[in-house]
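FYI, side chains are in, hydrogens and waters are out, and symmetry mates aren't considered; it's all heavy atoms of this structure.
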Amino acid sequence: LDNLVKSDLVLVKTLPAKKGKVQLFTLNFTNLNISINTNKEIKPDDYIESMPIGMYIDAEFDSYFGLTTDSELYRIDIKDAFNEVRKNAQMLWFDGGFIKYRFSNLFLKNGTPTSISFSMELCSETQYYNNDYKSDIYFDINGIQLGYFLSPGDFGGKRGIHTPQWWPTSKTQYGILVNVEINNNGTFINGTKTSKLTIKDLFLQEHNYTELKIYTLRSSEHYGGISLFGRKFGNHPQDIIFTVKY
């Protein structure tokens with residue numbers, strides 16, 4: 001319990017009792033994901049590329065879009081999604097639609113990949129925040145659908161570890177670290193197999209880039225928007241990380 005309190009996963013209060021005092025322990029989180037795989041160590045010859053969240057190459061949004069840098073909030077018309085300020089985004093959000101990123105295919109020169117993966121912090125999106133607001137968030141690579149991650153909420157009420165102090169706790173604070181991996185055994189999202197699609201089915205060598213699309217579908221059960229976090233916002237100090245193993 002002491003370790004859980006130190007890590008901020010559990011809150012503790014000391015209350016008066018009939019004889020002395022009593023400690024009351026309560027959970028301090030709404031969702032906890034633990035992914036353990038002893039084969040995931042990064043090796044010196046792994047290819048790693050970091051992509052700032054504002055460096056998307058294509059995007060379409062349903063009715064609203066916003067972003068914040070590490071010092072200022074911007075409300076941007078959906079028709080002005082490519083405003084230059086996007087390059088400094090540390091968090092962005094939209095109620096529905098898609099966003100695309102392209103990564104270099106230089107990694108193919110290093111050998112034959114056995115696994116590629118994308119790691120990013122994200123959650124649902126609604127006005128202010130709602131810890132129970134679900135959203136089905138889908139992923140494509142080079143136009144091939146990989147599956148979706150069910151985000152359990154748009155998280156707020158408690159400041160994210162790296163969220164700036166000027167950003168109010170009444171707004172979205174942090175997300176969940178999501179890892180999308182395609183290897184020789186199939187496609188996995190946070191360790192759960194979502195498709196039989198393997199890395200060979202992506203035909204990576206036929207493209208000059210590897211394109212990642214993050215999006216929502218109106219036909220999905222939970223149509224709840226997307227919030228995406230950069231390295232200076234949320235709980236994880238990273239942008240979108242692309243990793244290739246050989």
Side-chain angles (χ1 to χ4, degrees), residues 27-37 53 56 58-67 76 78 81 89 91-101 116-158 160 170-183 185-199 201-202 210-230 233-236 240-241:
L27 297 180
N28 193 31
F29 58 89
T30 55
N31 180 274
L32 181 64
N33 273 315
I34 301 176
S35 179
I36 299 175
N37 189 325
I53 62 170
Y56 49 84
D58 195 10
E60 286 186 10
F61 308 120
D62 283 358
S63 61
Y64 70 83
F65 165 62
L67 66 83
I76 299 176
I78 60 174
M91 182 173 71
L92 59 82
W93 57 92
F94 51 97
D95 59 334
F98 71 82
I99 194 164
K100 291 181 181 180
Y101 299 89
I116 65 170
S117 63
F118 297 89
S119 172
M120 69 212 82
E121 183 177 356
L122 51 73
C123 68
S124 313
E125 157 56 24
T126 187
Q127 296 291 334
Y128 297 101
Y129 75 91
N130 183 336
N131 291 325
D132 299 313
Y133 189 75
K134 295 181 174 61
S135 181
D136 294 329
I137 301 176
Y138 288 80
F139 305 94
D140 284 8
I141 289 183
N142 294 342
I144 301 173
Q145 188 177 101
L146 305 177
Y148 72 91
F149 170 72
L150 174 57
S151 169
D154 178 359
F155 303 114
K158 174 194 171 186
S170 60
K171 296 181 181 294
T172 305
Q173 291 290 316
Y174 56 89
I176 293 172
L177 193 64
V178 176
N179 187 71
V180 181
E181 180 178 3
I182 308 91
N183 57 38
N185 298 314
T187 300
F188 302 82
I189 298 179
N190 277 5
T192 299
K193 193 170 186 177
T194 60
S195 172
K196 295 180 180 179
L197 187 81
T198 69
I199 191 169
D201 298 318
L202 297 178
T210 297
E211 184 177 274
L212 171 67
K213 179 182 178 182
I214 308 169
Y215 62 105
T216 59
L217 287 175
R218 285 191 176 275
S219 58
S220 66
E221 181 179 357
H222 306 103
Y223 184 69
I226 298 173
S227 296
L228 193 58
F229 300 80
F233 244 85
N235 283 348
H236 303 276
I240 300 174
I241 304 296

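The CD1 atom of Ile99 lies 11.5 Å from the CD atom of Glu60; values are rounded to the nearest 0.5 Å. Summarising the geometry, atom CD1 belonging to Ile214 is positioned 5.0 Å from atom CE belonging to Met120; distances are rounded to the nearest 0.5 Å. Distance CG/Asp154 to OH/Tyr128: 13.0 Å, rounded to 0.5 Å. Atoms CD1 and CG, on Ile137 and Leu217 in that order, are 11.5 Å from each other to the nearest 0.5 Å. The NZ atom of Lys213 lies 12.0 Å from the OH atom of Tyr138; values are rounded to the nearest 0.5 Å. In this structure, CD1 in Ile240 is found 8.5 Å from CG in Leu122, a value given to the nearest 0.5 Å.
A cation-pi arrangement is absent between Lys158 and Phe155 under the rule of less than 6.0 angstrom and at most 45 degrees off the ring axis.
Proximity of Ile226 to Glu125: side-chain heavy atoms (C-beta onward) are nowhere separated by under 4.5 Å. Within the 4.5 Å cutoff, no side-chain heavy atoms of Trp93 are placed close to those of Thr172. Within the 4.5 Å cutoff, side-chain heavy atoms of Cys123 are placed close to those of Phe229. Looking at heavy atoms from C-beta onward, Gln127 lies out of side-chain contact with Tyr133 at the 4.5 angstrom threshold. For the pair Ile116 and Ile141, the minimum side-chain heavy-atom distance is below 4.5 Å. Counting heavy atoms from C-beta outward, Thr216 and Asp95 have side chains that stay 4.5 Å or more apart. The shortest side-chain heavy-atom distance between Ile176 and Phe149 falls under the 4.5 Å cut-off. Considering only heavy atoms from C-beta on, Phe118 comes within 4.5 Å of Thr210 through its side chain.
Smallest separation of non-hydrogen atoms from Asn179 and Ser119: OD1-CB, 3.8 Å. Looking at every heavy atom in both residues, Gly186 comes nearest to Thr198 through N-CG2, 3.9 Å. Closest approach of Gly156 to Asn131, counting heavy atoms only: N-OD1, 3.1 Å. Annotation for Asp201 and Lys196: closest pair OD2-O, 4.2 Å, computed over non-hydrogen atoms. The heavy-atom pair separating Glu121 from Phe233 by the smallest distance is OE1-O, 3.9 Å. For the pair Glu221 and Asp136, the tightest heavy-atom approach, listed with the atom from each and the gap, is N-OD2, 3.4 Å.
Surrounding CZ of Phe98 are more than 12 heavy atoms belonging to other residues, nucleotides or ligands, all under 6.0 Å away.
Here the side chain of Ser227 pairs a donor or acceptor atom with the backbone of Ser124 at under 3.5 angstrom. No donor-acceptor pair closer than 3.5 Å links the side chain of Ser195 to the backbone N or O of Thr187. At distances below 3.5 Å, at least one donor-acceptor pair connects side-chain atoms of Ser135 with backbone N or O atoms of Gly224.
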Report the C-alpha separation of Phe139 and Thr194 in whole Å, then their side-chain angles, then the decisive distance to 0.1 Å, and conclude whether the side-chain contact (heavy atoms from CB on, under 4.5 Å) test is met.
CA-CA 11 Å; Phe139 305 94; Thr194 60; over 6 Å; no
Could you walk me through whether Leu197 and Leu202 pass side-chain contact (heavy atoms from CB on, under 4.5 Å), step by step?
CA-CA 8 Å; Leu197 187 81; Leu202 297 178; 3.9 Å; yes
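Relative ring orientation between Phe94 and Phe65 is described as tilted, the plane-to-plane angle lying within the 30° to 60° band.
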